[in-house]
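First listed ligand is number 1; within each ligand, the first listed atom is number 1.
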Amino acid sequence: MSWLHPERVAALDAALARRILVLDGAMGTMIQRYALTEADYRGDRFAEGYDALHAADGHAHGAGCGCEGHDQRGNNDLLTLTRPDIIQGIHADYLAAGADIVETNTFNSTAVSLADYHLQHLVHELNREGAALARAACDAAQAQTPDRPRFVAGILGPTSRTASISPDVNDPGYRAVTFDELVAIYRDAAHGLIDGGADILMVETVFDTLNAKAALYAVETVFDERGGRLPVMISGTITDASGRTLSGQTAEAFWYSLQHARPHAVGLNCALGAKDLRPHVETLSQIAQTCVSCHPNAGLPNAFGGYDETPADMAEVLHEFATAGLLNIVGGCCGTSPDHIRAIAVAVADVAPRRPPVTSEAAA
Ligand SMILES: [Zn+2]
Ligand SMILES: [Zn+2]
C-alpha cells in the first residue's frame, strides 16, 4: 500500500537520514503553568459542564432537560476546543525551541478516557482538531525555515484500561476492556488524527503490549479503508525496576512482539528519567531494524509530584546516548519544557544519527 502523503514521508526520511530529529516535550507540564480554572476548561460551549452543541438523543438542552454537568478541570485535551490559543502556543514554543516533530494534544482523546468526563462523543472532533492545531503550528514554523520540515505526530494514548491484566485481584480472568473494544476506540481516534492532517501516528506510553497491538491493528484497518498509510511510531513505557513494561515485557520482547507492524520508529518514553532508560534504549538500538526514539521524563517525580532534572542535566545524558549511536529521535516527556527541548536539540545537533542494524535476514 502506498503512503497517504508521499512527499511528507520523503521529507521525513531525508531528515532522519541526515540527523537526529527532535521531538517536543510535555504538554501537561506546560498547561499547568497557566493555572487554569474550571471555567477556562469549560469555555462557552461546555459552560454547563456538558456539550451545548450535542445532546445524546438530539433533544434541545433547556431547564429540566436532565443533562448533568461534570467537572472538566484536568481534561487537558478539551482545551483543544476551549483554549486552542494555549495549545497552539505551546506547540509554537516547542517548535521555536527546536522540535522537528510535535505531538498532538490527544493523549486522552479516546472514548475510554473521555468517558471519565462524560464526553466520549468528542473522540473524532478532538483528534481532528488536535491534529489541525499542531498542523497549523508546524506549517507556520516551516514557513519561517523552509529548509527545515516540521512534522505532526498524531498521538494515540494507552487509555486507562489494560486488555491483558485484570484490575481485580480476586478475579484474574476479568478484563476492563476487550481487544475488539480497543480496536473500535482507536479506529475513531486514528480517523480524526488523519482528517486533521497528522504526518505520523504514534502509539505512545505503551504499558500493555496487547493495547498497543489493538491500536496498531486499528490503524492498519484505517489505512486499508483510506487506501494509504502514514508512518507509525511506537513508544513503550518501562514501569518497574526490573526493566519491564506493566504487561511484563523487556524492551527486547516488546520489539519482537510489535515488529510485525513495521513501524518507522520504536522507542521508550515516560516513567523514568533518561539515565534509567539507557540500558533499554541500548537494547532496542541493537535489535530494532528501524529508527529508535527516546523521550524520557525529567527524572523521577519528587515528593511534590514535580520533576527536578534541569535542561542541562537531561541534555548531558541524552548527548551521551547520541554519541553512543543509540538515537534517531529524541525529546522529552513529563516535566520537560521548551527549555529542556532547546538544550537537548543543541546537544544532539552535530551528532550523527544511529544506523539501524542490518541483519542477514534483512540483507537477504
Ligand atoms: Zn440536555
Ligand atoms: Zn511522561
task = Confirm or rule out an N/O/S atom of His295, from backbone or side chain, lying less than 2.8 Å from the Zn ion (ligand 2).
result = no
ask   = Do any N/O/S atoms of Asn297 come under 2.8 Å of the Zn ion (ligand 2)?
value = yes
Angle subtended at the Zn ion (ligand 2) by Cys334 SG and Cys333 SG, rounded to 10 degrees = 130°
query = Could you go step by step and tell me if Asp116 and His70 meet the side chain to side chain donor-acceptor pair (under 3.5 Å) rule?
reply = CA-CA 9 Å; Asp116 295 343; His70 296 274; over 6 Å; no
task = To the nearest 10 degrees, could you say what angle the Zn ion (ligand 1) makes with SG of Cys67 and NE2 of His59?
result = 100°
ask   = Salt bridge check: are Asp93 and Arg342 linked by an N-O gap of less than 4.0 Å?
value = no
inquiry  = Distance check, rounded to the nearest 0.5 Å: Asp199 atom CG versus Leu4 atom CG?
reply    = 11.0 Å
ask   = Do the charged groups of Arg42 and Glu48 touch, with an N to O distance under 4.0 Å?
value = no
remark   = The side chain to side chain contact (heavy atoms under 4.5 Å, CB included) partner of Trp255 among Thr283, Val292, Ile234, Thr290 is Thr290
ask   = Taking just the N, O or S atoms of His61, which one is nearest to the Zn ion (ligand 1)?
value = ND1
